[in-house]
Number of protein chains: 2
Amino acid sequence: MAAPPDDVVSDPQDDLAAAVLRPLRAHHAFESCVEMLATSIRLGIYPDGSTLPPERELAERMGVSRSTLREAIGALRDAKLLTTRRGRGGGSVVEFHPEEPGASPKLQRPREELLDALAFRRIVEPGAAHAAAKRTLTGQQAEMLRASLERVNSAAGKAVHRQADAQFHLAIASLTESPLLIDAVTNVQVRLHEMLGAIPVLDRNIDHSRQQHDAIAEAILAGDAFKARRVMESHCDDTAALLRGLM
Amino acid sequence: MAAPPDDVVSDPQDDLAAAVLRPLRAHHAFESCVEMLATSIRLGIYPDGSTLPPERELAERMGVSRSTLREAIGALRDAKLLTTRRGRGGGSVVEFHPEEPGASPKLQRPREELLDALAFRRIVEPGAAHAAAKRTLTGQQAEMLRASLERVNSAAGKAVHRQADAQFHLAIASLTESPLLIDAVTNVQVRLHEMLGAIPVLDRNIDHSRQQHDAIAEAILAGDAFKARRVMESHCDDTAALLRGLM
DNA sequence: CCGATAAGGTTCGATACCAGACCTTAAGGC
DNA sequence: GCCTTAAGGTCTGGTATCGAACCTTATCGG
């Protein structure tokens with residue numbers, strides 16, 4: 001506004017403007033593309049040894065031209081995250097072992113952004129659990145949830161467990177079939193996955209979280225929306241406490 | 001191989017991929033720019049007669065080049081939403097009267113997207129109310145909330161009320177100081193505002209909603225997080241019921 | 001009345017991205 | 001063993017956007 005230095009602090013109206021006029025166009029499409037693919041691989045959505053979808057399909061899904069997508073894939077190839085073979089039956093094959101011993105990659109986002117993600121998660125994930133439990137699930141959906149749970153519980157190794165954990169939470173969100181909610185949970189899980197990779201997690205924490213996962217899945221399958229939400233809230237609180245303490 | 005032809009229907013893994021590999025790059029920057037500014041004006045964040053921030057500042061806030069921003073402003077000028085004056089003290093002056101009699105603009109988004117927004121809102125806005133109530137508000141924040149409430153209650157005319165309503169909800173979100181949450185509420189309110197503009201709202205509905213607003217603000221100011229959440233949930237449910245019935 | 005200043009208006013080259021056509025390689029099917 | 005097909009690889013022209021400098025207009029202060 002005419003912003004004379006009259007106010008000591010900001011005009012409330014300005015705050016609203018800042019809220020609505022958020023920045024669009026996240027950096028370059030190329031970079032976001034690399035990040036998105038790398039995330040998918042690290043989350044184990046495309047596990048080691050699997051083949052990515054064909055370039056033309058990926059490009060369309062990500063709303064990006066094939067040239068841009070190819071540059072991104074090239075970058076991942078340079079980063080040794082995948083290899084590419086030509087010809088029919090070819091494609092980009094993932095080469096990523098989530099073993100990384102004490103790698104402890106540095107946090108790449110500012111701490112406050114991560115704390116924000118934890119607070120936001122505390123709202124959306126319990127909401128997702130609640131919504132998922134209220135739906136009547138198809139057999140296939142129930143099956144997917146059980147499979148996700150099974151994968152978390154049988155995960156050997158912390159890195160693998162971390163992947164399976166993220167996928168379990170994404171699975172719950174996808175049960176709601178709400179694009180906005182799925183998007184919110186995805187965002188949050190990406191940041192969470194990064195945070196969990198940067199701190200030491202004890203076996204005791206994992207056991208505790210497994211019990212909570214069991215209870216959450218059970219409540220969702222039983223259609224007990226309130227219980228699903230309550231347990232998910234505890235689960236988020238516990239993880240957040242762990243992270244806030246160790247970051 | 002991750003993709004053996006065993007799937008009769010879609011592989012659950014595919015659903016997760018679809019979740020993480022969401023489309024980036026919302027169409028053209030120019031269009032999003034026009035939409036964002038038009039929304040700000042229609043929401044009354046820049047009320048009739050006020051001047052927009054200088055182009056250079058706006059461009060930076062929206063993460064867009066000045067040329068693109070100027071094209072957007074030009075489009076709004078063509079749409080008679082503002083006029084522009086040159087020279088010092090000049091700028092783009094909003095010319096928008098939220099009176100529009102029975103205009104009832106058509107819904108521009110697919111119905112299912114709007115229903116999704118209602119479902120998502122039912123999760124994030126109660127969460128925002130809860131989080132806002134848990135915070136210790138500064139005097140200025142409390143003041144802003146009271147002012148927003150006052151503006152809703154004193155709004156003359158339905159269109160003006162609709163603006164003030166959106167701003168009240170945005171104000172609550174901004175109290176949380178959580179960027180992710182603010183963003184979520186903003187998204188939801190934009191869609192909601194559009195929906196409410198497309199249906200006839202009765203005075204009775206407005207009265208009812210005013211009572212709920214009072215209760216919400218009171219609970220937040222009193223620090224009663226659970227009550228704030230409960231009332232906001234009812235509020236969202238009631239609005240959603242109204243909309244689902246009339247759309 | 002006149003300079004400083006704060007705005008909008010204009011121009012231009014660089015570049016990221018897109019859309020599509022086309023080429024090359026390697027499996028599979030007949 | 002050929003032909004189809006499903007993949008990746010390459011090329012090209014077009015366009016949106018950026019960015020940064022520069023011009024023009026109008027107000028304000030002395």
Side-chain angles (χ1 to χ4, degrees), chain A residues 1-6 17 21 23-37 46 49-78 81-95, chain B residues 1-5 7 14 17 21-37 46 49-78 81-95:
Chain A
M1 329 274 170
D6 53 23
L21 266 50
L24 53 97
R25 260 192 114 75
H27 311 312
H28 296 296
F30 162 71
E31 289 169 27
S32 320
C33 219
V34 172
E35 188 183 331
M36 219 152 91
L37 287 174
Y46 297 112
S50 69
T51 302
L52 294 188
E55 293 178 353
R56 296 170 228 265
E57 189 188 322
L58 262 188
E60 189 179 352
R61 272 212 233 178
M62 302 176 46
V64 103
S65 81
R66 203 182 141 212
S67 357
T68 303
L69 173 78
R70 277 177 56 67
E71 278 187 81
I73 289 185
L76 295 179
R77 197 165 34 233
D78 289 348
L81 275 174
L82 49 78
T83 56
T84 305
R85 280 191 352 255
R86 303 180 60 163
R88 178 168 183 164
S92 291
V93 179
V94 177
E95 281 193 356
Chain B
M1 200 59 72
D7 38 358
D14 260 5
L21 266 49
R22 60 197 179 291
L24 53 97
R25 258 192 115 75
H27 307 315
H28 295 296
F30 162 72
E31 289 169 26
S32 321
C33 221
V34 171
E35 188 185 331
M36 220 152 89
L37 286 173
Y46 297 113
S50 69
T51 303
L52 294 189
E55 293 179 351
R56 297 173 228 274
E57 188 188 323
L58 262 187
E60 188 179 352
R61 273 212 232 177
M62 303 176 44
V64 103
S65 82
R66 204 182 141 212
S67 358
T68 303
L69 173 77
R70 276 177 55 66
E71 279 186 81
I73 289 185
L76 296 180
R77 196 166 33 234
D78 290 349
L81 274 174
L82 48 79
T83 57
T84 305
R85 279 191 355 255
R86 304 181 60 165
R88 179 170 182 160
S92 291
V93 179
V94 176
E95 281 193 357

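Around the CD atom of A/Glu55, the shell of radius 6.0 Å holds more than 12 heavy atoms that belong to other residues, nucleotides or ligands.
Across B/Ala72 and B/Cys33, no two heavy atoms sit closer than the pair CB-CB, 3.8 Å. Across every non-hydrogen atom of B/Glu95 and B/Thr83, the tightest pair is OE2-CG2, 3.4 Å. The two residues A/Val34 and A/Ala75 come nearest to each other via the heavy atoms CG2-CB, 4.0 Å. Residues A/Gly90 and A/Thr51 share a closest heavy-atom pair of O-CG2, 4.0 Å.
Between A/Glu57 and A/Arg61, at least one side-chain nitrogen of the basic residue sits less than 4.0 Å from a carboxylate oxygen of the acidic one, meeting the salt-bridge criterion.
Taken to the nearest 0.5 Å, the CZ atom of A/Arg56 stands 9.5 Å off from the CZ atom of A/Arg70.
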- Protein-proximity profile, nucleotides 21-30 of chain D, B/S/- by nucleotide at the 4.0 Å heavy-atom cutoff, equals ---BBBBS--
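Look at CG on A/Leu69: it is 15 Å from P on D/dT10, rounded to the nearest Å. Between the P atom of D/dA7 and the CZ atom of A/Arg70 lies a distance of 14 Å, rounded to the nearest Å. Between the P atom of C/dT15 and the CD atom of A/Glu31 lies a distance of 16 Å, rounded to the nearest Å. Separating the CE atom of B/Met62 from the P atom of D/dC18 is a distance of 10 Å, rounded to the nearest angstrom. In this structure, the CD atom of B/Glu60 is 17 Å from the C1' atom of D/dT17, given to the nearest Å. Rounded to whole Å, the distance from CG on A/Leu52 to P on D/dA6 is 19 Å. Distance B/Glu71 CD to C/dT10 P: 12 Å, rounded to the nearest Å. Distance, B/His28 NE2 to C/dA16 P: 18 Å, rounded to whole Å.
Comparing D/dG8, D/dT17, C/dA19 by their nearest atom to the side chain of A/Glu55 picks out D/dG8.
The shortest distance between the side-chain N/O atoms of A/Thr68 and the OP1/OP2 oxygens of C/dC18 is below 4.0 Å.
Residue B/Ser67 is classed as a base contact, given a heavy-atom separation below 4.0 Å to a base.
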